[in-house]
Amino acid sequence: VDVFFVISGYLITAGLLRRVAEHGRISAADFWANRARRILPAATLTIITVTIASLLILPRSQFPTLSLQAVASGFYVQNYALARQSVDYLAADTAPTPFQHFWSLSIEEQFYIFWPMLVVAAWHIAQRIRWASPTDDIRHRRRVKVIATVLFFAVVGGSFAYSVYITAHNPTSAYFYTLSRVWELGVGGLLAVYLGDPVRFPRTRKWLALVGTLTIIACAFVYSGDIPFPGLTALVPVAATAAVITAGHTTGWGSPQRIFELWPVQRIGDWSYSMYLWHFPIIVFFETLAGRKATVLEAVIIVLASILIAGFSFYLFEKPILHSPT
């Protein structure tokens, strides 16, 4: 999730700044419309399908919680619904609902309600300065970047400080609070301000990418529900992801680029949103029907099933809507 947040913040912010550079301004309304077109259809399909399946598979005792979380997921406030219920996302003895994973998408969508407004504010401030002291377009764009950097740093710094504080005092709720997670997306946004397509220092960048990738993998195995999170602990996967993004395209022995460019890895990247939407309901339904956790072989089958369903969802539903002219 932390890797996902940093990458999302980087890509979306880069797109926003690109619009400023190309058109001289940005429309938050257009951004939100495009965002809704990208996210809402597939998420709505998942929520409806999973709700129907849940009524057939899950015990009636879960229906009140199920209905609440279905609505919360549809309105992208699932993280606050879970925080209010004080759900420990990583606890082995907690009976999860098939909508529980929507908490991270909820945080992301809440983040993108106000983040474009910071870019818009930076543009307006720079525009007012430009009116007072006329400058060329290049200086104007640079001024937008500087102002955006100041605004981004203020948000990232405040969010990180809050994350450290709330994780120490209320770690279960801290996991789901938007304000304790905003800094992770904001780090990606800060990278997007000045990071272009790096070509210098190829050897250093190669090792930066390799170390960052290995650190992310290590976190996946070392971190557990016993570690307070996010707070200071989240700095490691966030910094590792930032390192991989900063490295850019790398080559040579030891570079992870060859792995990144493999066909299966590229397809998983294409289907990642659909995989995110469908994988958790499959896990919950299996554990409910089986009455136990999955074995290693069953876990592999669940992963393959998630990938297969994600592929169908991407090509039959997500991609056609995304590329529809209307």
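What you see below is based on every heavy atom in this structure, not just the backbone, and it leaves out hydrogens, waters and symmetry mates.
Other residues, nucleotides and ligands contribute over 12 non-hydrogen atoms within 6.0 Å of the CZ atom of Arg292. No more than 12 heavy atoms of other residues, nucleotides or ligands sit less than 6.0 Å from atom CZ of Phe75. The number of heavy atoms from other shown groups lying within 6.0 Å of CZ (Arg203) does not exceed 12. In this structure, Phe153 places its CZ atom where only 12 or fewer heavy-atom neighbours from other residues, nucleotides or ligands lie under 6.0 Å away. By the neighbour-count criterion of 12 heavy atoms within 6.0 Å, atom CZ of Phe221 is sparsely surrounded, having that number or fewer from other residues, nucleotides or ligands. For OH of Tyr165, the number of neighbouring non-hydrogen atoms (other residues, nucleotides, ligands) closer than 6.0 Å is 12 at most. Under a cut-off of 6.0 angstrom, the local environment of CG in Leu316 is crowded, with over 12 non-hydrogen atoms contributed by other residues, nucleotides or ligands.
Within the hydrophobic cluster formed by Ile, Leu, Val, Met, Phe, Trp and Tyr side chains joined at under 4.5 Å, directly or through other members, Ile301 is accompanied by Leu297.
Contact of the Phe5 side chain with the Val238 side chain is not registered, since no non-hydrogen atoms from C-beta on lie closer than 4.5 Å. Side-chain contact check for Phe176 versus Ile107: every heavy-atom pair is 4.5 Å or farther apart. Counting only heavy atoms from C-beta outward, the side chains of Ser274 and Thr46 never approach each other to under 4.5 Å. Using a 4.5 Å cut-off on side-chain heavy atoms (C-beta onward), Pro59 and Thr288 make contact. Residues Asn79 and Arg181 form no side-chain contact, since every pair of their non-hydrogen atoms from C-beta on lies 4.5 Å or further apart. Put simply, the side chain of Tyr276 does not reach to within 4.5 Å of the side chain of Phe4, judged on heavy atoms.
Minimum heavy-atom separation, Thr97 to Phe280: O-CE2, 3.2 Å. When all heavy atoms of Ile47 and Ala70 are compared, the closest pair comes out as CG2-O, 4.1 Å. Nearest heavy atom pair, residue Ala294 against residue Ala299, reads CB-N, 4.0 Å. Contact between Pro41 and Ala36 at its shortest, heavy atoms only, is CD-O, 3.4 Å. Closest non-hydrogen pair, His101 versus Pro281, comes out as CE1-CD, 3.7 Å. Here the closest non-hydrogen pair linking Ala43 and Leu277 is N-CD1, 3.8 Å.
Under the 3.5 Å distance criterion, the side-chain polar atoms of Tyr273 are left unmatched by any main-chain donor or acceptor of Glu318. In terms of modelled atom types and a separation under 3.5 Å, the side chain of Thr167 and the main chain of Pro228 share no donor-acceptor contact. Side-chain atoms of Lys206 do not come within 3.5 Å of backbone N or O of Gln257 as any donor-acceptor pair. Listed for the Ser180 side chain is no donor-acceptor partner under 3.5 Å among the backbone atoms of Ser163.
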**Prompt:** Hey, mind stepping through Phe152 and Val119 against side chain to side chain contact (heavy atoms under 4.5 Å, CB included) and telling me if it holds?
**Reply:** CA-CA 9 Å; Phe152 291 175; Val119 181; 3.9 Å; yes
**Request:** Determine, stepwise, if the pair Leu55 / Phe63 fulfils side chain to side chain contact (heavy atoms under 4.5 Å, CB included).
**Result:** CA-CA 8 Å; Leu55 296 176; Phe63 285 4; 4.0 Å; yes
**Derivation of the side chain to side chain contact (heavy atoms under 4.5 Å, CB included) call for Val284 and Phe99** = CA-CA 9 Å; Val284 172; Phe99 298 109; over 6 Å; no
**Request:** Check step by step if ring pair (Phe, Tyr, Trp, His ring centres under 6.0 Å) holds for Phe111 and Phe114.
**Result:** CA-CA 6 Å; Phe111 174 81; Phe114 76 89; 5.5 Å; yes
**Message:** Test side chain to side chain contact (heavy atoms under 4.5 Å, CB included) on Val6 and Asp2; report intermediate values, then the result.
**Reply:** CA-CA 6 Å; Val6 179; Asp2 306 279; 5.7 Å; no
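Scanning for side chain to side chain donor-acceptor pair (under 3.5 Å) contacts around Ser255 gives Thr250, with sequence neighbours left out.
Of the residues Leu210, Ile216, Ile217, the one that meets the side-chain contact (heavy atoms from CB on, under 4.5 Å) test with Thr213 is Ile217.
Remark: Trp183 CH2 to Leu190 CG distance equals 12.0 Å, nearest 0.5 Å. We find the CG-OG1 distance between Leu195 and Thr246 to be 5.0 Å, quoted to the nearest 0.5 Å. Between the CD1 atom of Ile166 and the OG1 atom of Thr172 there is a distance of 10.5 Å, given to the nearest 0.5 Å. Note: Thr13 OG1 to Arg18 CZ = 11.0 Å, rounded to the nearest 0.5 Å. Interatomic distance, Glu108 CD to Tyr76 OH, rounded to the nearest 0.5 Å: 10.0 Å. Interatomic distance, Ile282 CD1 to Ser306 OG, rounded to the nearest 0.5 Å: 3.5 Å.
Using cut-offs of 30° and 60° on the angle between ring planes, the pair Tyr175 and Trp103 is tilted.
One hydrophobic cluster holds both Val236 and Leu185 under the rule that ILVMFWY side chains link at heavy-atom gaps under 4.5 Å. Side-chain heavy atoms closer than 4.5 Å link hydrophobic residues (I, L, V, M, F, W, Y) into clusters, and following such links, even through other members, never connects Val300 to Met275. No continuous path of ILVMFWY side-chain contacts below 4.5 Å connects Ile307 to Val50, so the two sit in separate hydrophobic clusters. Note on Phe102: it clusters hydrophobically with Leu58, by side-chain heavy-atom contacts below 4.5 Å among ILVMFWY residues. Both Val155 and Leu235 belong to a single network of hydrophobic side chains, linked directly or stepwise wherever heavy atoms of I, L, V, M, F, W or Y lie under 4.5 Å apart.
For the residue pair Thr241/Tyr10, the side-chain donor-acceptor check at 3.5 Å is not satisfied. Side-chain atoms of Ser8 and Tyr112 include a donor-acceptor pair closer than 3.5 Å. Side chains of Gln69 and Gln100: a donor-acceptor N/O pair is absent below 3.5 angstrom, by distance only.
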